[in-house]
Amino acid sequence: MDIAKLVRMANQIGTFFQAMPDHAEALEGIALHLQKFWDPRMRREFLGALEAGHADTQALLPIVREAVQGRRAALE
């Protein structure tokens, strides 16, 4: 999969949820969306690239990074 595309998609999800007034609810919404709607292969690629420090993951929004890191077990 194209990591840049996965990052772009994750950022679109993050942009939607970061408008929520409750930060914890936004984080949960991001993680839940990734868990429900992303194919397991997409999640594995994305998480692997994030863990490896792939250059494209540097463009990840802080809220998305926080949501993924805080709920990694649920996303694996």
Side-chain angles (χ1 to χ4, degrees):
M1 302 221 88
D2 181 7
I3 300 304
K5 184 174 182 179
L6 292 176
V7 168
R8 190 169 47 255
M9 290 168 55
N11 281 343
Q12 288 173 333
I13 295 163
T15 298
F16 174 82
F17 282 101
Q18 91 182 358
M20 297 180 80
D22 184 333
H23 187 71
E25 189 176 344
L27 295 174
E28 186 62 32
I30 292 167
L32 189 59
H33 184 93
L34 294 175
Q35 185 180 13
K36 281 185 172 182
F37 299 109
W38 279 28
D39 182 273
R41 292 171 297 167
M42 293 169 68
R43 292 195 311 265
R44 275 194 303 273
E45 291 272 338
F46 180 69
L47 293 171
L50 190 59
E51 187 173 310
H54 190 284
D56 288 331
T57 63
Q58 299 306 310
L60 203 58
L61 291 174
I63 193 168
V64 176
R65 187 176 302 276
E66 184 181 356
V68 170
Q69 290 173 340
R71 289 147 182 85
R72 185 177 179 95
L75 296 173
E76 291 178 334

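This chain uses plain numbering: 1 for the first residue, then up along the sequence. It should be emphasised that the depicted structure is a prediction, and the values quoted were computed from it without experimental measurement.
Side chains of His23 and Gln18: no donor on one and acceptor on the other come within 3.5 Å.
Ile13 and Ile3 end up in the same hydrophobic cluster when Ile, Leu, Val, Met, Phe, Trp and Tyr side chains are linked at under 4.5 Å. Taken together through direct or relayed side-chain contacts under 4.5 Å among Ile, Leu, Val, Met, Phe, Trp and Tyr, Leu60 and Phe16 form part of one hydrophobic cluster. Grouping the Ile, Leu, Val, Met, Phe, Trp and Tyr side chains by contacts below 4.5 angstrom, directly or via other members, places Phe46 with Leu75. Taken together through direct or relayed side-chain contacts under 4.5 Å among Ile, Leu, Val, Met, Phe, Trp and Tyr, Leu50 and Trp38 form part of one hydrophobic cluster. Both Met9 and Val7 are part of a single hydrophobic cluster, where members link through side-chain heavy atoms under 4.5 Å apart.
Every residue two or more places apart in sequence or in another chain that forms a side chain to side chain contact (heavy atoms under 4.5 Å, CB included) with Pro40 is listed here: Arg43, Arg44. By the salt bridge (charged side-chain N to carboxylate O under 4.0 Å, His left out) test, Asp22 is found to be paired with no residue, residues two or more places apart in sequence or in another chain being considered.
When all heavy atoms of Arg71 and Ala31 are compared, the pair lying nearest together is CD-CB, 3.3 Å. Among all heavy-atom pairs drawn from Ala26 and Met20, the shortest one is CA-SD, 3.9 Å.
To the nearest 0.5 Å, the span separating CD1 on Ile63 from CG on Leu27 amounts to 5.0 Å. Here CG of Leu6 is found 11.0 Å from CG of Asn11. Values are rounded to the nearest 0.5 Å. Of the inter-residue distances, the one linking Phe17 atom CZ with His33 atom NE2 reads 7.0 Å to the nearest 0.5 angstrom. To the nearest 0.5 angstrom, Glu25 atom CD is 11.5 Å from Ile30 atom CD1.
Under the side-chain hydrogen bond (donor to acceptor under 3.5 Å, both in side chains) criterion, the residue pairs touching residues 46-62 are Glu51-Arg72, with sequence neighbours excluded.
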